[in-house]
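Both ligands and their constituent atoms are indexed starting at 1 by order of listing. Every value quoted in this text rests on a predicted model; they were computed, and no experiment measured them.
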Amino acid sequence: QENSRLRWITLSSSETLVAEGTDIIEGLEHAPKTLPCRYFYDDRGSQLFEQICDLPEYYPTRTEQSILETYATEIAQFTGSCELVELGSGSSRKTRLLLEAYSQTNDQLQYCPIDVSAGILKTTALELLHQYPKLKLCGLAGTYEQALDQLPPAELKNRMLIFLGSTIGNLNAVECDRFLDRVRKALKPGEFFLLGVDLQKDPVILEAAYNDAQGITAAFNLNLLAHLNWRFQGNFKLDQFSHWAFYNTIEHQIEMHLRSLVTQTVALETLDFQKTLQAGETIHTEISRKFHLPTLVKTLEAYAFQPLQVWTDPNNWFGLLLCQR
Ligand code: AVI
């Protein structure tokens, strides 16, 4: 019975496939060295990220959650009946608040979670179908780019695309522009876009969130190297690197790096690649941009999104924006 309410789509790339690992070689050849943050998320990395979300220093998850707890019903009333499509849904932790609100106010409940990890999508889908007897679910396994380019036709008259957790902050300005352009093309006029963003604040609070006392963020950062080791037969020795995260007050972004503690040559066998790192040299692994709401609203307007409502928490630490295409 639950299966009749469930559909699966595995998305394939419409773009030219880049040979696996090309982005890693490019990053390590770059000066200064970089590694793409998407390699954080193997199974262990995804588990570590879930742990980060529960850390006392990492305020974004629980702050966004509290905003959703307060305003989910208002959001559902604002948009009326619509299909919820979520990019990077993971365990759909926060989205459950929206599903609850939409199930109270609407007869039809349609949810389309999108994630690169098919495993987490399936587990979550089965839980949600069990929890919401009128829910119809269409899980899409693929990247944001694939999903936005290949969204199946909406089952309900209206649609709301959801992008929570300030994941948009992990895109640099160029990537962010490309992303917003894709979202604009994926939505029809009148459809909605719900965006969660971390806001600029005291650097002390920001730096603590990315340098937690238990060292979970450090383990998450270092796990990127462990991931490369198993995926490309690498020889990174994790104890010869240290985690370094700081707030860049000019760019308004947290920057995470891995610092080589010694001079060493690292190799990735299946990529036939070697590189020497000097003692003290760093590899840039992530940016996490922190937003200024009025500037972000202007950017969204430039992409034909009309911000309808902005909700924040009492400290103004996190913002949730409801826009209409
Ligand atoms: C997924 N993303 C929004 C997180 C962030 O805060 O930028 C990833 C993260 N990196 C370190 N801690 C959390």
Side-chain angles (χ1 to χ4, degrees), residues 34-68 86-95 113-117 120 143-145 147 162-173 175-176 179-180 194-227 241-248 251-259 282-292 296 313 317-321:
T34 64
L35 280 170
C37 67
R38 68 188 187 94
Y39 288 100
F40 282 140
Y41 302 96
D42 61 352
D43 282 349
R44 170 99 184 114
S46 302
Q47 279 169 14
L48 286 166
F49 180 64
E50 290 289 318
Q51 289 181 39
I52 288 176
C53 293
D54 290 329
L55 287 170
E57 298 93 335
Y58 194 76
Y59 61 86
T61 311
R62 63 171 177 279
T63 311
E64 186 178 46
Q65 171 110 7
S66 74
I67 299 172
L68 281 167
E86 183 175 19
L87 291 175
S89 52
S91 61
S92 304
R93 232 212 274 208
K94 288 168 280 189
T95 320
I114 299 161
D115 209 284
V116 274
S117 159
I120 196 154
T143 64
Y144 304 153
E145 292 82 5
I162 306 171
F163 197 38
L164 298 178
S166 203
T167 305
I168 196 168
N170 298 132
L171 307 177
N172 66 32
E175 292 163 341
C176 185
F179 172 79
L180 290 175
L194 185 69
L195 179 66
V197 289
D198 197 9
L199 302 177
Q200 292 170 13
K201 60 182 67 60
D202 185 346
V204 173
I205 297 167
L206 288 167
E207 290 192 344
Y210 293 82
N211 289 287
D212 64 278
Q214 293 171 57
I216 310 288
T217 311
F220 173 73
N221 198 6
L222 285 160
N223 180 66
L224 192 154
L225 301 180
H227 182 186
F241 290 87
S242 66
H243 165 74
W244 178 42
F246 67 96
Y247 187 57
N248 179 330
E251 300 293 338
H252 301 289
Q253 61 193 24
I254 286 283
E255 294 185 7
M256 290 212 319
H257 300 253
L258 288 164
R259 189 191 298 280
T282 59
I283 307 174
H284 189 174
T285 51
E286 184 183 55
I287 60 164
S288 190
R289 295 165 72 203
K290 307 300 165 190
F291 296 89
H292 174 242
L296 180 61
D313 55 292
W317 281 3
F318 203 92
L320 190 64
L321 292 91

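- Inter-residue side-chain proximity for Asp54 and Thr61 is flagged as unmet; no heavy-atom pair is nearer than 4.5 Å.
- A donor-acceptor contact under 3.5 angstrom links the side chains of Ser288 and Tyr210, judged on distance only.
- Take Tyr59 and apply the side-chain hydrogen bond (donor to acceptor under 3.5 Å, both in side chains) test, not counting sequence neighbours, and it matches Asp198, Lys201.
- Applying the side-chain hydrogen bond (donor to acceptor under 3.5 Å, both in side chains) test to Ser89 and every residue at least two apart in sequence or in another chain returns nothing.
- With sequence neighbours excluded, the residues forming a side chain to side chain contact (heavy atoms under 4.5 Å, CB included) with Asn248 are Phe246, Ile250, Glu251, Gln253, Glu255, listed by chain and number.
- Using a 4.0 Å heavy-atom criterion, the residues that approach ligand 1 are Tyr41, Phe49, Ile52, Tyr58, Gly165, Ser166, Thr167, Asn170, Tyr210, Thr217, Phe220, Met256, Glu286, Ser288.
- In the displayed structure, Arg93 atom CZ is contacted under 6.0 Å by more than 12 heavy atoms of other residues, nucleotides or ligands.
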